[in-house]
Amino acid sequence: MPARAYDIVLFGATGFAGRLTAEYLARHAPNDCRWALAGRNVGKLENVRAQLAAIDPALSTLRLLEGDSGDPASLRAIAGDARVIASTVGPYIVHGEPLVAACAEAGTDYLDLTGEPEFVDTMYVRYHDRARRSGARLVHACGFDSIPYDIGAYYTVLQLPEDVPLTVHGYVEASGRPSGGTAHSAITAFSRFPALIAAARDRKRAEPAVTRRSVQAGAGRPHHAAATGGWALPMPTLDPQIVGRSARALDRYGPDFRYSHCASVPHLWTAAGLAVGVGGLVALAQLPPARNALLKRMPQGNGPSPQQRARSWFRVTFTGEGGGQRVVTRVSGGDPGYDETARMLGESALALALDDLPETSGQVTTAAAMGDALLARLQKSGMSFEVLESS
């Protein structure tokens, strides 16, 4: 890559997740890492910089870059000066495309926190080939969507024999409160089912088929999960798609790989209540007046307090089988949506900017782009990856 002024640019640093990620980089980026903050409001960026200077006085001179998703020229200028750009500006289907386009054109690595399948599929169709030509790595879903599952499944596969069919099941348990930005992204996605289906269809037409290996990944079926002692519910999220794409890209997942993805809850009545609640939210999102009322009640830029985040947690339990062996693993950490997401996005940006990684380009997953390096970074930073059983 040609010389660039910045190793990492954090775009959207004034939002809730953006501020937490900036604080993470302030504490963990090495002194020789050249990074900057970017956003559309320089005054708000100055306020964030002042908060970072309280963590490290040297950051009082951190560079601030003005850029707006509504001004593609400003994004092209930032992309031309950066090796890696990490974006926290959502909903991504509304605000994300201009920055992806700028990075794909400039050969700049791009990261985000999206959990929006429509956005990921649309960006693949429009920019994967361009990024392949320029050398850019477009890595979506670098937060709670979908690193615990993608890197967790990768970690589980590493515990099993090579070159044999493998089956992995993931069970998600979590406690936490969403921010306004997360709520806006989810409600926007719920309101766009026809567009989501069309984007998936367009991607299927554009994406080359994998012929020498078989991969299946999707939401699981309802059942009692012995691994967690709870009831498993299908999770039709972006996460199993990401795991499946990693499996298609990496031979280590074996000649025949199967993955299922479920939430695990302790009681049947909890499962029923969750299903009803999500169904009602999806139904309301289809009605513009109801959708607008919901969005107004959850303004972007706000999120749970430090005290609320301190009480939050997540764990993902995986069962893996293959070659006559069975393993149970677990990935766990603190507040999933914000503190841990800031860790995951920050370490992903540092890995892309500073680590020796496999040669990849185009739209790639965290496991395919950063695999061992990101796993090691997350473990060193305090996220737990452990083997619970092996036989």
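Position 1 is the first residue of the sequence; numbering continues from there. Worth saying up front: this structure is predicted, and the values here are computed from it rather than measured.
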Note to self: Assigning hydrophobic clusters by single linkage (Ile, Leu, Val, Met, Phe, Trp, Tyr; side-chain heavy-atom cutoff under 4.5 Å), is F385 placed with V387?
What the structure shows: yes

Next item on the list: Spell out, as yes or no, whether a donor-acceptor pair under 3.5 Å connects the side chain of E116 to the backbone of I93.
Entry: yes

Note to self: Run V327 and T319 through side-chain contact (heavy atoms from CB on, under 4.5 Å) and show every step you take.
What the structure shows: CA-CA 6 Å; V327 66; T319 63; over 6 Å; no

Notebook entry, point to check: Quick one: do L352 and L374 end up in the same hydrophobic cluster if we chain Ile, Leu, Val, Met, Phe, Trp and Tyr together by side-chain heavy atoms under 4.5 Å apart?
Noted result: yes

Notebook entry, point to check: In this structure, which one of F314, F16, F144 forms a ring pair (Phe, Tyr, Trp, His ring centres under 6.0 Å) with Y338?
Noted result: F16

Item checked: Taking every non-hydrogen atom, the tightest pair across A263 and M235 -> N-CG, 3.2 Å

Notebook entry, point to check: Around atom CZ of R40, are there more than 12 heavy atoms of other residues, nucleotides or ligands at under 6.0 Å?
Noted result: no

Check: Looking only at atom types and distance, does a side-chain atom of Q241 sit under 3.5 Å from a main-chain N or O of L238, one as donor and one as acceptor?
Finding: no

Next item on the list: Mark yes or no for whether H128, through its side chain, and Q363, through its backbone, hold a donor-acceptor pair below 3.5 Å.
Entry: yes

Notebook entry, point to check: Distance-only, no hydrogens or angles: does the R309 side chain make a donor-acceptor pair with backbone N or O of P304 under 3.5 Å?
Noted result: yes

Item checked: Smallest separation among heavy atoms of S134 and E105, with atom names -> CB-O, 4.1 Å

Note to self: Between D355 and R377, does any side-chain N to carboxylate O distance fall below 4.0 Å?
What the structure shows: yes

Next item on the list: Indicate the atoms forming the closest heavy-atom contact of C142 with T366, along with that distance.
Entry: SG-CG2, 3.8 Å

Notebook entry, point to check: For the side chain of R4 and the backbone of A82, is there at least one donor-acceptor N/O pair under 3.5 Å apart?
Noted result: yes

Check: Which pair of non-hydrogen atoms, one from L357 and one from A351, has the smallest distance, and what is that distance?
Finding: CD1-O, 3.4 Å

Checklist line | Taking every non-hydrogen atom, the tightest pair across L65 and A36 | finding: CD1-CB, 4.1 Å

Note to self: Looking at K380 and E347, is any side-chain nitrogen of the basic one under 4.0 Å from a carboxylate oxygen of the acidic one?
What the structure shows: no

Next item on the list: Evaluate whether atom CZ of R130 has more than 12 neighbouring non-hydrogen atoms of other residues, nucleotides or ligands under 6.0 angstrom away.
Entry: yes

Check: Thinking salt bridges, do R212 and D256 make one under a 4.0 Å N-O criterion?
Finding: no

Item checked: Test of ring centre spacing under 6.0 Å for H140 and Y92 -> no

Margin query: Suppose the criterion is side chain to side chain donor-acceptor pair (under 3.5 Å): which pairs have a residue in residues 27-38, not counting sequence neighbours?
Written below: D7-R34

Checklist line | Result of checking L20, L111, L113 against T88 for side chain to side chain contact (heavy atoms under 4.5 Å, CB included) | finding: L113

Notebook entry, point to check: Any sub-3.5 Å donor-acceptor pair from Q159's side-chain atoms to Y155's backbone N or O?
Noted result: yes

Next item on the list: Say whether V168 and V331 are linked into one hydrophobic cluster, either directly or through other cluster members, by side-chain heavy-atom distances under 4.5 angstrom.
Entry: yes

Note to self: With heavy-atom distances below 4.5 Å as the criterion, would you say the side chains of L250 and Y154 are in contact?
What the structure shows: yes

Next item on the list: Flag the pair H223 / Y171 as yes when their ring centroid distance falls below 6.0 Å, and as no otherwise.
Entry: yes

Note to self: Going by salt bridge (Lys or Arg N to Asp or Glu O under 4.0 Å), name the residues that satisfy it together with R330, two or more places apart in sequence or in a different chain.
What the structure shows: none

Notebook entry, point to check: Using 30° and 60° as the class limits, which term best fits the ring planes of F257 and Y253: parallel, tilted or perpendicular?
Noted result: perpendicular

Next item on the list: Test the R343-Y24 pair against the cation-pi criterion, namely NZ or CZ under 6.0 angstrom from the six-membered ring centroid and within 45° of the ring axis.
Entry: no

Checklist line | Main-chain N/O of A247 paired with R213 side-chain donor or acceptor, under 3.5 Å | finding: yes

Next item on the list: Assess whether side-chain hydrogen bond (donor to acceptor under 3.5 Å, both in side chains) is satisfied between T228 and T317, documenting all intermediate values.
Entry: CA-CA 7 Å; T228 62; T317 304; over 6 Å; no

Check: L52, F11: one ILVMFWY side-chain cluster at the under-4.5 Å cut-off?
Finding: yes

Next item on the list: Answer yes if the ring centres of Y149 and H261 are under 6.0 angstrom apart, and no otherwise.
Entry: yes

Margin query: Check whether R132 reaches the backbone of G362 with its side chain - one donor and one acceptor, N or O, closer than 3.5 Å.
Written below: no

Notebook entry, point to check: Got a sec, which residues hit salt bridge (Lys or Arg N to Asp or Glu O under 4.0 Å) with D202, two or more places apart in sequence or on another chain?
Noted result: R205

Check: What closest approach, in Å, do G18 and L10 show between heavy atoms, and which atom pair accounts for it?
Finding: O-CD2, 3.4 Å

Notebook entry, point to check: Given the rule that I, L, V, M, F, W and Y join up when any side-chain heavy atoms are under 4.5 Å apart, are V164 and V157 in one cluster?
Noted result: yes

